[in-house]
Number of protein chains: 2
Amino acid sequence: MLSNENLPPCPVETTLMLMGDKWKVLIVRDLLTGTKRFGELKKSLNGVSQKVLTQHLRAMEKNGLITRKVYAQVPPKVEYTLTDVGQSLKQVHDAMLEWGKAYKLKKEY
Amino acid sequence: MLSNENLPPCPVETTLMLMGDKWKVLIVRDLLTGTKRFGELKKSLNGVSQKVLTQHLRAMEKNGLITRKVYAQVPPKVEYTLTDVGQSLKQVHDAMLEWGKAYKLKKEY
DNA sequence: AGCAATAGTTACTAAATAGATACTATATTA
DNA sequence: TAATATAGTATCTATTTAGTAACTATTGCT
């Protein structure tokens, strides 16, 4: 778990530590529309390997961004959901969404 | 230059392509407070190597996020400034800043 | 003449990250 | 009996990314 002492002084860097990579942002994007199963995430995150997806999900769980719920079924069922802290990343996500849209428009004529 | 055809369908992914890495975000953070020289950026971006900083600056210039101005002096002077498109990343930056601040507060008691 | 300063480039190496493939567990179904 | 489905883990390899160190150019300064 990230403890408070090793968070960098600049809050932007804190954010980067916790979701400063492509896959984490896309996981948040997918979970913002609701709880998802492992397999659904994998399908949606085009091209991510199982190992890498698992690693990111574990890290995000550790940092309190998502919760993991295992159902005692066969075949197994595992659901991932954003915590409140994770939900609050919506603002960051939306800013990125808007910027990306605007950038695309600029490139079109 | 990124042409329109190879931008991903999801705008969030577009944003990630253009500044989805730590150094680029921090370069934007620094340039949001005004034009900076190469050496100033290097000092501020703790630990970045000259090579990597140059690479990122070149990529961001190519993508229209910053402009590079060389002064015909010796020793050389090169200034980097956000373009309008680059400036518009302030929203994304600010969202990350706010989220990082809130996250830190949650971790303190 | 030789050094300092700035913003690089180049070549080589190291570290981090990701991918590929094979393997596991187990109740249900054919 | 054997295949199927899901969510992994383990191991090995490949790719990407970054770091290190040496080198360049040019003018002013000592």
Side-chain angles (χ1 to χ4, degrees), chain A residues 2 6 8 12-13 15-31 34-63 65-82, chain B residues 2 6 8 12-13 15-31 34-63 65-82:
Chain A
L2 264 180
N6 50 28
V12 172
E13 295 185 41
T15 305
L16 287 171
M17 281 185 65
L18 296 172
M19 73 148 207
D21 88 66
K22 179 183 156 174
W23 293 128
K24 290 201 180 70
V25 173
L26 297 181
I27 290 168
V28 168
R29 175 195 65 185
D30 283 0
L31 294 183
T35 296
K36 296 273 180 311
R37 294 183 61 173
F38 184 87
E40 293 179 284
L41 288 172
K42 186 161 183 301
K43 215 167 297 167
S44 169
L45 271 52
N46 222 295
V48 75
S49 70
Q50 220 154 348
K51 189 194 69 173
V52 169
L53 179 54
T54 302
Q55 280 173 356
H56 284 296
L57 290 170
R58 292 285 184 280
M60 293 171 76
E61 195 191 359
K62 236 177 142 187
N63 292 327
L65 304 184
I66 61 176
T67 54
R68 178 169 180 270
K69 187 171 177 188
V70 183
Y71 291 82
Q73 299 181 358
V74 166
K77 175 178 173 183
V78 180
E79 283 183 348
Y80 292 93
T81 310
L82 289 175
Chain B
L2 266 180
N6 50 28
V12 172
E13 294 185 40
T15 305
L16 287 171
M17 281 185 66
L18 295 173
M19 73 150 209
D21 88 66
K22 180 184 156 175
W23 292 128
K24 290 201 179 70
V25 174
L26 297 181
I27 289 168
V28 168
R29 176 195 65 186
D30 283 1
L31 293 184
T35 295
K36 296 271 180 312
R37 294 184 61 174
F38 183 87
E40 294 179 283
L41 288 172
K42 187 161 184 300
K43 216 168 295 166
S44 169
L45 271 51
N46 222 294
V48 75
S49 69
Q50 219 154 351
K51 189 194 69 171
V52 169
L53 179 54
T54 302
Q55 281 173 355
H56 284 297
L57 290 170
R58 292 286 184 279
M60 292 171 77
E61 196 191 359
K62 234 176 141 187
N63 292 327
L65 303 184
I66 61 175
T67 54
R68 180 170 179 269
K69 185 170 180 191
V70 183
Y71 290 83
Q73 299 180 357
V74 168
K77 175 178 172 182
V78 180
E79 283 183 348
Y80 292 93
T81 310
L82 290 175

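What's counted below: heavy atoms across the whole structure, side chains too, no hydrogens, waters or symmetry copies. Residue numbering restarts at 1 for every chain, and letters A, B, ... go by the order of the sequence lines.
Here A:Tyr80 lies in heavy-atom contact (under 4.0 Å) with sugar-phosphate atoms only.
Across B:Lys69, B:Glu61, B:Arg68, a single residue satisfies side chain to side chain contact (heavy atoms under 4.5 Å, CB included) together with B:Tyr80, and that is B:Arg68.
The NZ-C1' distance, from B:Lys24 to D:dA18, rounds to 13 Å in whole Å. A:Ile66 places its CD1 atom 14 Å from the P atom of D:dA7, with the value rounded to the nearest Å. Between the CG atom of B:Leu53 and the P atom of C:dT6 there is a distance of 15 Å, given to the nearest Å. Taking atom CD of B:Gln50 as the reference point, atom C1' of C:dA11 lies 15 Å away to the nearest angstrom. Atom-to-atom, CD of A:Gln73 to C1' of C:dA27 comes out at 11 Å; the value is rounded to the nearest Å. Nucleotide D:dT13 holds its C1' atom 10 Å from the NZ atom of A:Lys51, rounded to whole Å. A straight line from CZ of A:Arg58 to P of D:dA10 spans 11 Å, rounded to a whole angstrom. If you measure from atom CZ of B:Phe38 to atom C1' of D:dA25, you get 16 Å, rounded to the nearest angstrom.
Comparing D:dG8, C:dG8, D:dA7 by their nearest atom to the side chain of A:Arg37 picks out D:dA7. Residue B:Val74 has its side chain nearest to D:dT27 when only D:dG8, C:dG8, D:dT27 are considered. Side-chain proximity of B:Ser49 to D:dG8, C:dG19, D:dG19: nearest is D:dG19.
By the 4.5 Å heavy-atom criterion applied to side chains, B:Val48 and B:Leu26 are not counted as neighbours. Side-chain contact between A:Val28 and A:Ile66 is absent, with no heavy-atom pair separated by less than 4.5 Å. Taking the side chain as every heavy atom from C-beta outward, A:Met60 and A:Met19 never approach each other to under 4.5 Å.
Distance check, rounded to the nearest 0.5 Å: CZ of B:Arg29 to CG of B:Leu45 gives 6.5 Å.
Overall, the helix from C:dA1-D:dT30 to C:dA30-D:dT1 carries an axis bend of 30° between its ends, with five pairs at each end and the value rounded to 10°.
Annotation: of the two residues near DNA chain D, B:Val52 and B:Pro76, the 5′-most nearest-nucleotide partner is B:Val52. Residue-to-nucleotide proximity on DNA chain D shows that, of B:His56 and A:Pro75, the 5′-proximal contact is made by A:Pro75.
At distances below 3.5 Å, not a single donor-acceptor pair connects side-chain atoms of B:Lys77 with backbone N or O atoms of B:Pro75. The main-chain N or O of A:Leu65 is never found under 3.5 Å from a side-chain atom of A:Asn63 such that the two would form a donor-acceptor pair.
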